Amino acid sequence: MTAPGESAAGGTALSVRGLVKRFGAHEVLSGIDLDVPAGRVTCLIGPSGSGKSTLLRCMAFLEEAGAGTILVGGEPLGFAETPQGRRRLPPARIRAVRASIGMVFQQFNLWPHMTALGNVTEALRVVRRMGRAEAEAKGLAQLRKVGLEDRAGHYPAQLSGGQQQRVAIARSLALEPRIMLFDEPTSSLDPELTGEVLDVMRGLAADGMTMVVVSHEIGFAASVGEQVAFLDGGRILLHGSPRDVFGKPRHPRLERFLDTYLDRGAAMLA
Amino acid sequence: MTVDWGLLAEKLPDVLAASGVTVAVWAASAVLGVALGAAVAVARRFGPRPVDLALKLFVEVLRGSPFLVQLFLLYFGGPFIGLSLDPIPAGLLALTLYGSAYYSEIVRAGFAAVPAGHVEAAACLGFTRAQTVLRIQVPEMAVLVLPALVNMTVLLLKETAVLSVITVPELTLEISAIGSETYRFVEALTLLALFYWGLVEACGGLGRLAEARLSRFRFAGP
């Protein structure tokens, strides 16, 4: 477990301090402090509306927090604290910091007008200005990594959900990010397809990728996660190793949350 | 009444020259109209609020009055504000502005039809906003907006007939003149209708070709 301020062996890849996010009058995040240790898997769990996805989206700078800081490899993401106050950084500076972050979405968000290979190579060509041959070689290598080299010429509409999500992971990996963020990556997949995506994620974790995963897959969080944060009402209620968080005696709020999973399983069997 | 097609065949060279003017003005105003309309849509979507409101007014005004009125205002009213244009440039300008208002609404709907997540994915990968528009949003919306663009372009063709009132030497003016000259109005107007119909069909055919090519990815089976 890494408490805020304390570093893991590999250092801190990303740190969040005092993060506050409001949507109108509703405060979604009420002062979040979290360190993401490098080379480890951090899982964010919690009931819907707890703020876990919003926190992840803030780390990807898809949401702009109203207060607080996010440091990525020591560099401020989006906003810098200056003597004159909190200032938004110029777009180029924001893109530079974001370049070290990959994001995987619940809805995959592949571009439908491009093949699997096109999706993976597009950013290499457009953002990195790589030549076609080099980008395609790299793209194919990434597709091979997620087991989809033979689907390179398929459009997203021709792929299963699990395959689309693996292409989306390959698309992010192609830019060689230092941190990968996963926003409920298996929530729109049926259980059979969930496995193939989780396998790819396990492989990434084994390779030492720094990962932050928002997931309803409690089993994945407990087995692959090295750090678990349980969010409730915009705060991190529990935080530590899976053993610390899930071990008994459990916090009553977590117990209630986990019960909803058991209920669902029981209802299915009845 | 007898139909004298031979007489019309005699006038064919004049008619062909006039149809050249119609096609040229139409094509130019469609291309310029789409370009201006796209620029308006982009400025409204990404520009500051006052720009959006000003351009909304531009669109509403152009959509809110008949093309004939706009053309008269530009051609006869223009000189009062120092804008004296010959018939063809005046007609081209009026048609481009008129078309751009409708085209901009089509492109605006196209932007709205691209899922926000596809744009977020590009942002996460480090695309600039311009790169996202050009590489992701425009190609993705193209297949969605193409039928509407073709439809508007067909309407624009038929509005070129209105340019005859400011003496642009296009099809309608030329063929009406032949009608007056020969008192063969039925033949003349039938021929005129056939010309427009042929152009509309050609435009529709091009549109279907483009649609088939652009939409390969949507209908491809697994």
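In what follows, chains are A, B, ... by sequence order, proteins preceding strands, each numbered from 1. These numbers were taken from a predicted model, which means no experiment stands behind them.
For A:A123, the parts lying under 4.5 angstrom from a heavy atom of chain B are both the backbone and the side chain. Only the backbone of A:L110 comes within contact range of chain B, with at least one heavy atom under 4.5 Å from a heavy atom of that chain. Both the backbone and the side chain of A:E122 come within contact range of chain B, with heavy atoms under 4.5 Å apart.
A:G162 and A:L193 make their closest contact through N-CD1, 3.8 Å (heavy atoms, listed as atom of the first residue, atom of the second, distance). In this structure, B:A90 and B:L74 approach most closely via the heavy-atom pair O-CD2, 3.3 Å.
Side-chain atoms of B:S65 and B:Q70 form a donor-acceptor pair, as typed in the model, at a separation below 3.5 Å.
Put simply, of A:I94, A:L175, A:V126, the one with the most heavy-atom pairs under 4.5 Å next to chain B is A:V126. Interface check for chain A: of the options B:A142, B:A122, B:A123, the most heavy-atom pairs under 4.5 Å are formed by B:A123. Looking only at heavy-atom pairs under 4.5 Å with chain B, the residue among A:Q107, A:M103, A:R171 that has the most is A:R171.
When the salt bridge (Lys or Arg N to Asp or Glu O under 4.0 Å) test is applied to A:R144, the partners found at least two apart in sequence or on another chain are A:E149. Among residues two or more places apart in sequence or in another chain, the side chain to side chain donor-acceptor pair (under 3.5 Å) test is passed with B:R129 by none. With sequence neighbours left out, the side-chain contact (heavy atoms from CB on, under 4.5 Å) criterion links A:S50 to A:P47, A:K52, A:L231.
By the 6.0 Å contact criterion, CZ on A:R178 is open, its count of non-hydrogen atoms from other residues, nucleotides or ligands being 12 or less. At most 12 non-hydrogen atoms from other residues, nucleotides or ligands lie less than 6.0 angstrom from CZ of A:R87. Within a 6.0 Å radius of CZ in A:R202, more than 12 heavy atoms belonging to other residues, nucleotides or ligands are found.
Residues of residues 95-118 of chain B placed with any heavy atom under 4.5 Å of a heavy atom in chain A are listed by number as B:G117, B:H118.
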